[in-house]
Amino acid sequence: MYAQIADDLRSQIDDGRLAPGEQLPTEQALSDKFDVTRTTVRQALTLLKNEGLVVPSRPRGYFVRKVQRSIFRPQAEFRPRPSSPEMDQWMEEQAQEGRVPSQTITVEIVTPPPVVASRLKLQEGELAVVRRRVRYLDGEPFNLNDSYFPLGLVNNSEIVTPHDIQRGANEVLSELGARQVRAIDEIEVRMPSPVESDRLELGPGVPVAVLRSTGYTKDGQPVRSVVTILPGTRHVIMFERDRPVDSGR
């Protein structure tokens, strides 16, 4: 019965009869409607909470989760830098959409995770610099963005300082003789780790998209590996594709 109750409420959320931010019927009302105990109703509500569809607000009850997704454009990395030096490309785009963006930045020298070491073609024992960002919209942590660079390449550059780089990390790489000219993006979808849930303040039942971007020089040398964690309830990933022009036609 709890699954039937959850199905009924889910259907109302999907078709808009229960709008974002709207309060669900009380436990007692649902108990009376379906002729079940309140324990059964709570099982249904817990199921919907774990799916990320509703949020509890004690003692008022349960509410349909409000979803205001941000558009994330991986291809924006190669566009001109923002006019404001205090903002990176992502932050300026959000500000143009009427949101209030902010971020925190920390820098560490680490032994990179194996998947990052593989992307950067680092030898065993080689270290990397990681710039960790938590990006916020309207005061809410919205995504994580960790950029890894080979320590031997970027040591003593601006990349190892914990502040936003006004002209962009790509320009610093260019000055170091390692201009990034192309990138390979990989996307996987999974449930977040406990650390990711904590950093992003995620409730139960919220999956994340993991965008792994590896940047290369014109000679094919990998110089940057970026891991971006995008909660599914907060983002739409948008790619733009241009059809190559065939000069022979």
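For the single chain, residues carry numbers from 1 onward in sequence order. Please read all numbers here as calculations on a predicted model, not as lab measurements.
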Between D8 and Q4, do the side chains contain a donor N or O and an acceptor N or O under 3.5 Å apart?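 Per modelled atom types, Q4 and D8 side chains form no pair under 3.5 Å.
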
So V210 and I187, side chain to side chain contact (heavy atoms under 4.5 Å, CB included) or not? Walk me through it. CA-CA 6 Å; V210 182; I187 298 175; over 6 Å; no

Taking distance alone, no hydrogens or angles, what donor-acceptor pairs closer than 3.5 Å link side-chain atoms of residues 148-157 to residues at least two apart or in another chain?
residue: S157; atom: OG; partner: V154; partner atom: O; Å: 2.6
residue: S157; atom: OG; partner: I159; partner atom: N; Å: 3.3

Might you point out which heavy atoms bring [X] and [Y] nearest each other, and give the distance in Å?
{"X": "G215", "Y": "Q180", "answer": "CA-CD, 3.6 Å"}
{"X": "Y62", "Y": "P56", "answer": "CE2-CB, 3.7 Å"}
{"X": "V208", "Y": "M191", "answer": "CG2-C, 4.3 Å"}

In the structure I gave you, are the side-chain heavy atoms of [X] and [Y] within less than 4.5 Å of one another anywhere?
{"X": "N145", "Y": "S147", "result": "yes"}
{"X": "L9", "Y": "L30", "result": "yes"}
{"X": "V110", "Y": "L127", "result": "no"}

Ionic contact status for E186 with R119, cut-off 4.0 Å: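 Here R119 pairs with E186 in a salt bridge, since their nearest N and O are under 4.0 Å apart.
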
Do other residues, nucleotides or ligands put more than 12 heavy atoms under 6.0 Å from the CG atom of D14?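 It does: D14 CG has more than 12 such atoms within range.
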
For D7, which residues count as a side-chain hydrogen bond (donor to acceptor under 3.5 Å, both in side chains) partner, sequence neighbours excluded?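 Once residues adjacent in sequence are excluded, the partners of D7 under the side-chain hydrogen bond (donor to acceptor under 3.5 Å, both in side chains) criterion are R10.
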
Go through it in stages, so that I can follow the logic: the residues are Y136 and V100, the test is side chain to side chain contact (heavy atoms under 4.5 Å, CB included), and I'd like the CA-CA distance, side-chain angles, deciding distance and then a yes or no. CA-CA 8 Å; Y136 298 80; V100 180; over 6 Å; no

With R132, which of D146, T104, T106 fulfils side chain to side chain donor-acceptor pair (under 3.5 Å)?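 Among D146, T104, T106, the one that satisfies the side chain to side chain donor-acceptor pair (under 3.5 Å) with R132 is D146.
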
Identify the residue among L137, N143, L200 that makes a side-chain contact (heavy atoms from CB on, under 4.5 Å) with R234.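 Filter result, single survivor: L200.
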
